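In listed order, ligands and their atoms are each counted from 1. All values below come from the heavy atoms of this structure, side chains included, with hydrogens, waters and symmetry mates left out. On a predicted model such as this, the values are computed, not experimentally measured, just so you know.
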Amino acid sequence: MTSDTTTAARIPKTELRTALDKVAAGAGSAQFLMAGIVKLLHEQLRNYNWVGFYMLEHGANPPMLALGPFQGAMTPHTRIPLDQGICGAAAASGATVVVDDVNADPRYLACSLETKSEIVVPVFVDGKVVGELDIDSHAAAAFGEEDRKLCEHAAALVGSWLERHS
Ligand code: SME
């Protein structure tokens with residue numbers, strides 16, 4: 001049997017939730033957990049071309065999102081205020097934001113010219129937003145209901161880990 005170490009086997013989408021739970025069960029730190037989640041989603045889902053976390057900086061006034069673990073091309077947006085971008089909108093509202101066509105959304109901060117759609121899911125600790133999971137796709141309208149549920153589950157794993165370790 002040959003093995004290709006550069007290409008992970010693709011896990012059926014229905015089993016990704018369990019795979020994410022396994023990453024969370026073995027995580028020794030929030031950074032390790034976030035890194036494991038972005039790696040898994042980026043490797044396993046063809047349309048998830050950039051996957052990363054932004055976390056609110058402790059004590060920043062005004063509040064500021066700072067880039068955390070990510071997979072994909074480097075982004076110019078390493079710090080985002082809450083009044084900017086789709087990322088800022090999701091953190092400020094505490095609601096998942098799905099944008100089917102980023103070029104039609106005036107809030108969009110461009111990361112890659114190839115990006116066509118985006119989903120941003122807040123991470124909550126004790127009901128308060130502490131950060132978010134941001135995913136960009138080169139495909140338009142890449143994020144449907146199943147994606148939203150999966151991404152919300154991934155973000156909730158981080159919130160739950162932080163609640164248990166604070
Ligand atoms: N597009 C985001 C900025 C972050 S990059 O996509 C990685 C936004 O509009 O907030």
Distance under 4.0 Å to a non-hydrogen atom of Tyr108: what atoms of ligand 1 satisfy this? 1 (N), 9 (O)
Side-chain donor or acceptor of Ser117 paired with backbone N/O of Ala142 under 3.5 Å: yes
Could you walk me through whether Glu43 and Arg10 pass salt bridge (Lys or Arg N to Asp or Glu O under 4.0 Å), step by step? CA-CA 8 Å; Glu43 271 179 2; Arg10 288 188 192 262; over 6 Å; no
Would you check whether Gly88 has a nitrogen or oxygen atom less than 3.5 angstrom from a nitrogen or oxygen atom of ligand 1? no
With a 4.5 Å heavy-atom cut-off, do Asn47 and Asp147 have their side chains touching? no
Residues 88-95, side-chain donor-acceptor partners within the protein, below 3.5 Å, at least two apart:
residue	atom	partner	partner atom	Å
Ser93	OG	Ala89	O	2.8
Ser93	OG	Ala90	O	3.4
Ser93	OG	Ala95	N	3.2

When you compare ligand 1 with Ile80, is there at least one nitrogen or oxygen pair between them that comes in under 3.5 angstrom? no
Is the closest side-chain heavy-atom distance between Leu67 and Met74 below 4.5 Å? yes
What protein heavy atom sits nearest atom 6 (O) of ligand 1, and how far away is it? Asp136 OD2, 2.8 Å
Any donor and acceptor pair, going by atom type alone, linking the side chain of Asp105 with main-chain N or O of Val102 inside 3.5 Å? no
Residues His42 and Trp50: closest non-hydrogen pair is CD2-N, 4.4 Å
Give the residue, atom name and distance (to 0.1 Å) of the protein heavy atom nearest atom 8 (C) of ligand 1. Ile86 N, 3.3 Å
Do Asp134 and Glu118 come within less than 4.5 Å of each other through their side chains, counting heavy atoms only? yes
Under 4.0 Å, counting heavy atoms only: does Phe70 come that close to any atom of ligand 1? no
Protein heavy-atom partner closest to atom 3 (C) of ligand 1 - residue, atom, separation in Å: Leu109 O, 3.6 Å
What I'd like to find out is whether the side chain of Glu114 reaches to under 4.5 Å of the side chain of Asn49, using heavy atoms alone. no
Taking non-hydrogen atoms only, is Asp134 closer than 4.0 angstrom to ligand 1 via side chain, backbone, both or neither? side chain
Check Trp50 against ligand 1 and report side chain, backbone, both or neither, counting heavy atoms closer than 4.0 Å. side chain
With heavy atoms of Gly85 as the reference, note each atom of ligand 1 found under 4.0 Å away. 8 (C), 9 (O), 10 (O)
Heavy-atom contacts with Thr75 under 4.0 Å: which atoms of ligand 1 show up? List them by number with element. 5 (S), 7 (C)
Identity and separation of the nearest protein heavy atom to atom 2 (C) of ligand 1: Glu118 OE2, 3.2 Å
closest protein heavy atom to atom 7 (C) of ligand 1 is Cys111 SG, 3.4 Å
